[in-house]
There are 2 protein chains.
Amino acid sequence: MTNTRSGKTSTRRGMQTRAVILKTALDMFLDRGYEETTMRAIAERAGVALGNAYYYFRSKEHLIQAFYLYTHQEHLAACAEILEKERDLKARLLGVMRKKIETIEPYHRFAGVLFRTAADPKSPLNPFSEESEPTRQESIALFAQAVEGSNARVPRDLKGELPYLLWLYHMGIILFWIHDSSPGRARTRRVVDRTVDILARVIGLASNPMMLPLRKATLRLVAELRESGA
Amino acid sequence: MTNTRSGKTSTRRGMQTRAVILKTALDMFLDRGYEETTMRAIAERAGVALGNAYYYFRSKEHLIQAFYLYTHQEHLAACAEILEKERDLKARLLGVMRKKIETIEPYHRFAGVLFRTAADPKSPLNPFSEESEPTRQESIALFAQAVEGSNARVPRDLKGELPYLLWLYHMGIILFWIHDSSPGRARTRRVVDRTVDILARVIGLASNPMMLPLRKATLRLVAELRESGA
DNA sequence: GTCTATAACCGGATAGAC
DNA sequence: GTCTATCCGGTTATAGAC
C-alpha cells in the first residue's frame, strides 16, 4: 500500500506538497504524540491550509498508513544481514523478531493509536483489510524467506502455511509490545525469546508421525482463516 | 468494575437518573450505532440536560463499560446448563465458546468501537487494564470451572495455568469475530469448532512424556505473560 | 448532592469559491 | 490544488435552582 492519497496527485508540485505534509506530521507525532498533534498544527507548520492537508490525506489516521510502510522497509533492511548469514531456523526467526521490535521501538509512544485503528474492522488501516493487502503480503514474504533459507526440515504441507502463521504470530507479539510498559520493553524481548523457542520446538515436533492428526487439523484451520481474509 | 460514574451517586433518585441515561444510551447504540448516537441525542431522549449526562458518565466511552458486565452476566447464565451436565472437556469448551459468540452477536455492529477503545493500552476499558481486573478474573474463573468440572486428565502444572490460557484464546476468538463479516458469523463458528478441536488434542498430548520440555517452556512463557499483567 | 440551562471551546472534517 | 469559512459533536464551564 503505497497510496494513501485521496485524489490523483500526479504533478511534481503535488507530490512535493504531499511529502511535506507527511514529513511534518510524522515529525510532530514523534515529537509530541498523536492526540496532541492537531491537523491545524500540522497544516500550519507544513505551510499549507487545513483544507489542503485534507486534500492529500482523507483523515488524520491516513497519515499513519505511511508509517507502516516506512517501518516495514526499515525492518527489511535490518534483517538482510542475518538472513544471509544464518541458516538455523530458530536463530533466523529470533533475528527477524528482535529486529522488528527494535525497529518499531521509537514509535512506542503512539503505539496505542496504531492499534486502535488496527483493531477497527472498518478502518482501511487495519492489517487484515483489503487495503493493507500489499504490505501484508510483503511482510509474509519476509517470513517465507526466513523459512526457505533455513536448513530446517519442515513437512511440505506445513511449509506452505508457515509464513502466514509466523506473520500472525508476529502480530500477536506486536499486540503484546503495545501493552508493554516495562523499561526498554524488556518483557517483550523475553516473550519473544521464549515464544521463538517454543515455535522451534513445535516445528521440530511437527514431522513426528504421532502429530499427523494435529498437524492436519491445524492446516484445516489455517485454510479457514486465510479464506475468510482475516 | 461496576462503577462508571463520576461522582458519588447515593440517592435513590440519582441511581434512577443514572439508570435511565444508561438504558437510553444502550438502546440507541443498538438501534443506530455508536458513532451515530450523539451525547446530545441521548440526553434529550433520556429527558435530562447534556451536562447531567456528563455528571453521571465521565465520557461517552464510559457508557460502554456497562456493556461488558452485562454481556458477561448473560454468558454466565447461558453456560450454566452445559457446565452442569457435560463432563467431556472438549464439549464443555465448545459449549462455552459457542454461547459466548451467541451472547455477543446482537452487538456485532458496534463491536468495532468496543474494540477500538479496548485495544488502547491507555484506556481503562481495555481488557488487560487494572480497572478491568474484576471482570477479567470472573471471566477466567468461568474457564477454570470448565476445566475443573471436566473428567479430562490434565498435568497438574498445566491445570493451574489453563484457565488463563483459555481466556487468552477466547480473546483471540473475539478479535476474529470482530473482523468477521460473514453471514451469521459462520466463519467464526467454524473457527471456534476447529480451534476447540485443536485445543483438546493439544491438551491430550500434553501428558505425553515426550512433550515435557515443550510443556515446561510453555509454562515459563505463561508465567512471564501473567507477571507482566498483560 | 442533584440537576437545569446555556454558552463556549476544541479539533476533526467538509463545502465551495478561486 | 489551494484557500477560507463553516459544520459538527465530544467535552467543559458557569451560574444557579431544588
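Keep in mind the model is a prediction, meaning the values are calculated, not measured. Reckoned from all heavy atoms, side chains included, excluding hydrogens, waters and symmetry mates. Throughout, a chain's letter reflects where its sequence line sits, starting with A, and its residues are numbered from 1.
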If you draw the axis of the six-membered ring of A:Phe128, does the NZ or CZ of A:Arg136 fall within 45° of it and under 6.0 Å from the ring centre? no
Whole Å only: how far is the [atom1] atom of [X] from the [atom2] atom of [N]?
X       : N      : atom1 : atom2 : answer
A:Glu61 : C:dG11 : CD    : C1'   : 14 Å
B:Arg18 : C:dG1  : CZ    : C1'   : 15 Å
A:Phe57 : C:dT14 : CZ    : P     : 15 Å
B:Tyr55 : C:dT2  : OH    : P     : 4 Å

Which residues pass the salt bridge (Lys or Arg N to Asp or Glu O under 4.0 Å) test with [X], not counting sequence neighbours?
X        : answer
A:Glu36  : none
A:Lys90  : A:Asp197
B:Arg194 : none

Among the candidates D:dG10, C:dG1, C:dG12, find the nucleotide nearest to the side-chain atoms of A:Lys60. C:dG12
Closest to the side chain of B:Ser59, out of C:dT2, D:dT11, C:dA13, is D:dT11
Quick check: are there more than 12 heavy atoms from other residues, nucleotides or ligands sitting under 6.0 Å from CD of A:Glu35? yes
Near DNA chain C, counting only heavy atoms under 4.0 Å, which residues of residues 29-44 of chain A show up? A:Thr37, A:Thr38, A:Met39, A:Arg40
Within less than 4.0 Å of OP1 or OP2 of D:dG1, is there a side-chain N or O belonging to A:Asn52? no
A:Thr17 vs D:dT2: side-chain N/O to OP1/OP2 distance below 4.0 Å: yes
Mind jotting down which residue pairs meet the side chain to side chain donor-acceptor pair (under 3.5 Å) criterion with at least one end in residues 99-109 of chain A? Sequence neighbours excluded, please. A:Glu105-A:Trp177, A:Glu105-A:Arg185, A:His108-A:Arg185
Taking only nitrogen or oxygen atoms into account, show me every contact under 3.5 Å that the protein makes with nucleotides 12-18 of chain D, one pair per line with its distance.
none

Just by modelled atom types, is the B:Thr135 backbone N or O under 3.5 Å from a matching donor or acceptor in the B:Ser139 side chain? no
Check: A:Arg45 side chain, A:Ile21 main-chain N or O, donor-acceptor pair, under 3.5 Å: no
Measuring from atom CG of B:Leu162 to atom CD of B:Glu148, what distance do you get when rounded to the nearest 0.5 angstrom? 9.5 Å
